[in-house]
Amino acid sequence: QLQLVESGGGLVQPGGSLRLSCVAHGSSWKINTMGWYRQASGAEREMVATVSSGGRIQIQNTVKGRFTISRDNVKNTISLQMNDLKLEDTALYFCLASQMTMNLGENEYWGQGTQVTVAS
């Protein structure tokens with residue numbers, strides 16, 4: 001099992017930058033996809049960016065060009081560099097990791113979230 005710990009959230013002005021990080025603690029066996037999701041107040045949780053163990057990246061169109069996801073397969077960490085932050089980026093950001101099970105399925109693990117607030 002994995003335990004995911006996010007950090008790096010905070011309060012930032014529009015146009016500012018933040019860098020989120022997530023560390024996966026526990027067994028690193030067969031961690032497939034890691035990524036970032038966010039949930040704004042009153043909204044559904046949405047995918048922000050994901051990266052596979054092989055480096056394939058998916059990123060939400062609304063943040064493309066502003067956000068960059070990176071992954072360190074050795075350290076089992078991912079980062080989300082967020083530039084030119086906008087008010088609509090305000091949300092609780094969650095780290096996700098999927099891991100293959102002994103039965104060849106997948107389990108999903110979620111961090112507890114780190115708050116990003118963009119405000120003047």
Side-chain angles (χ1 to χ4, degrees):
Q1 290 187 315
L2 298 178
Q3 200 169 33
L4 306 181
V5 181
E6 306 104 329
S7 62
L11 175 64
V12 65
Q13 292 183 333
S17 298
L18 285 174
R19 185 176 181 87
L20 308 182
S21 64
C22 171
V23 181
H25 299 281
S27 176
S28 61
W29 180 70
K30 296 294 185 180
I31 299 176
N32 296 320
T33 299
M34 298 185 71
W36 291 96
Y37 290 69
R38 68 185 182 185
Q39 186 169 19
S41 179
E44 296 182 350
R45 187 175 298 186
E46 63 179 359
M47 186 271 288
V48 178
T50 63
V51 56
S52 71
S53 59
R56 180 176 176 269
I57 293 174
Q58 292 181 298
I59 189 165
Q60 185 191 110
N61 289 332
T62 58
V63 304
K64 190 172 295 183
R66 298 188 297 118
F67 291 10
T68 302
I69 189 170
S70 60
R71 176 172 179 171
D72 187 331
N73 289 338
V74 176
K75 298 180 179 179
N76 296 316
T77 63
I78 57 168
S79 297
L80 185 69
Q81 179 66 45
M82 303 183 294
N83 298 324
D84 191 24
L85 284 161
K86 302 177 179 180
L87 297 179
E88 53 264 38
D89 294 320
T90 296
L92 188 64
Y93 284 71
F94 296 91
C95 179
L96 168 75
S98 62
Q99 185 178 49
M100 183 178 295
T101 69
M102 296 295 291
N103 296 323
L104 303 182
E106 282 190 349
N107 285 334
E108 292 185 346
Y109 298 92
W110 294 89
Q112 294 185 3
T114 183
Q115 178 67 38
V116 172
T117 302
V118 184
S120 299

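Keep in mind that what you see is a predicted model, and the values were worked out from it rather than measured.
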**Study point:** salt bridge (charged side-chain N to carboxylate O under 4.0 Å, His left out) contacts touching residues 38-64 (sequence neighbours left out)
**Key:** R38-E46, R38-D89

Practice item. Check side-chain hydrogen bond (donor to acceptor under 3.5 Å, both in side chains) between T68 and all other residues, then give those that pass, not counting sequence neighbours. Key: none

Exercise for review: Please check if any side-chain donor atom of S21 sits under 3.5 Å from a side-chain acceptor atom of S7, or the reverse.
Suggested key: yes

Exercise for review: Tell me, yes or no, whether the heavy-atom count around E106 atom CD, taken from other residues, nucleotides or ligands under 6.0 Å, exceeds 12.
Suggested key: yes

Exercise for review: Look at the side chain of S98 and the backbone N and O of T33, then say whether any donor-acceptor pair between them is shorter than 3.5 Å.
Suggested key: yes

Point to revise | Flag, side chain of Q115 to backbone of G9, donor-acceptor distance under 3.5 Å | key: no

Review point. Ignoring hydrogens and geometry, is there a side-chain-to-backbone donor-acceptor pair from Q99 to S27 under 3.5 Å?
Key: yes

Check your understanding: Do R71 and T77 touch side chain to side chain, with heavy atoms closer than 4.5 Å?
Key -> no

Review point. Looking only at heavy atoms, which two atoms of H25 and V5 are closest? And how far apart?
Key: CD2-CG2, 3.7 Å

Revision key, fill the gap. For M100, the hydrophobic cluster (side chain heavy atoms closer than 4.5 Å, chained through members) also holds L104

Review point. In chain order, what residues pass the ring-ring contact (aromatic ring centres under 6.0 Å, His included) check against F94, with sequence neighbours excluded?
Key: none

Exercise for review: Using a cut-off of 6.0 Å, state whether more than 12 heavy atoms not belonging to Q112 lie near its atom CD.
Suggested key: no

Practice item. Identify the two heavy atoms, one from S28 and one from N76, that lie closest to each other, and give their separation to 0.1 Å. Key: CB-ND2, 2.9 Å

**Study point:** Residue pairs fulfilling disulfide bond (SG atoms under 2.5 Å apart) with at least one residue in residues 12-111, sequence neighbours excluded
**Key:** C22-C95

Review point. Are the side chain of D72 and the backbone N or O of V74 linked by a donor-acceptor pair below 3.5 Å?
Key: yes

Exercise for review: Taking N73 for its side chain and S53 for its backbone only, find out whether a donor-acceptor pair lies under 3.5 Å.
Suggested key: yes

**Study point:** Side-chain heavy atoms of M47 within contact of L96, under 4.5 Å
**Key:** no

Check your understanding: Rest of the hydrophobic cluster containing Y109 (Ile/Leu/Val/Met/Phe/Trp/Tyr, side-chain heavy atoms under 4.5 Å)?
Key -> L2, L4, V12, L18, L20, I31, M34, W36, V48, V51, I57, I59, V63, F67, I69, I78, L80, M82, L85, L87, Y93, V116, V118

Exercise for review: For Q81 and S70, run side-chain contact (heavy atoms from CB on, under 4.5 Å): C-alpha distance rounded to whole Å, both residues' side-chain angles, the deciding distance at 0.1 Å, then the answer.
Suggested key: CA-CA 8 Å; Q81 179 66 45; S70 60; over 6 Å; no

Exercise for review: List the steps and the verdict of side chain to side chain donor-acceptor pair (under 3.5 Å) for T101 and N107.
Suggested key: CA-CA 7 Å; T101 69; N107 285 334; 5.6 Å; no

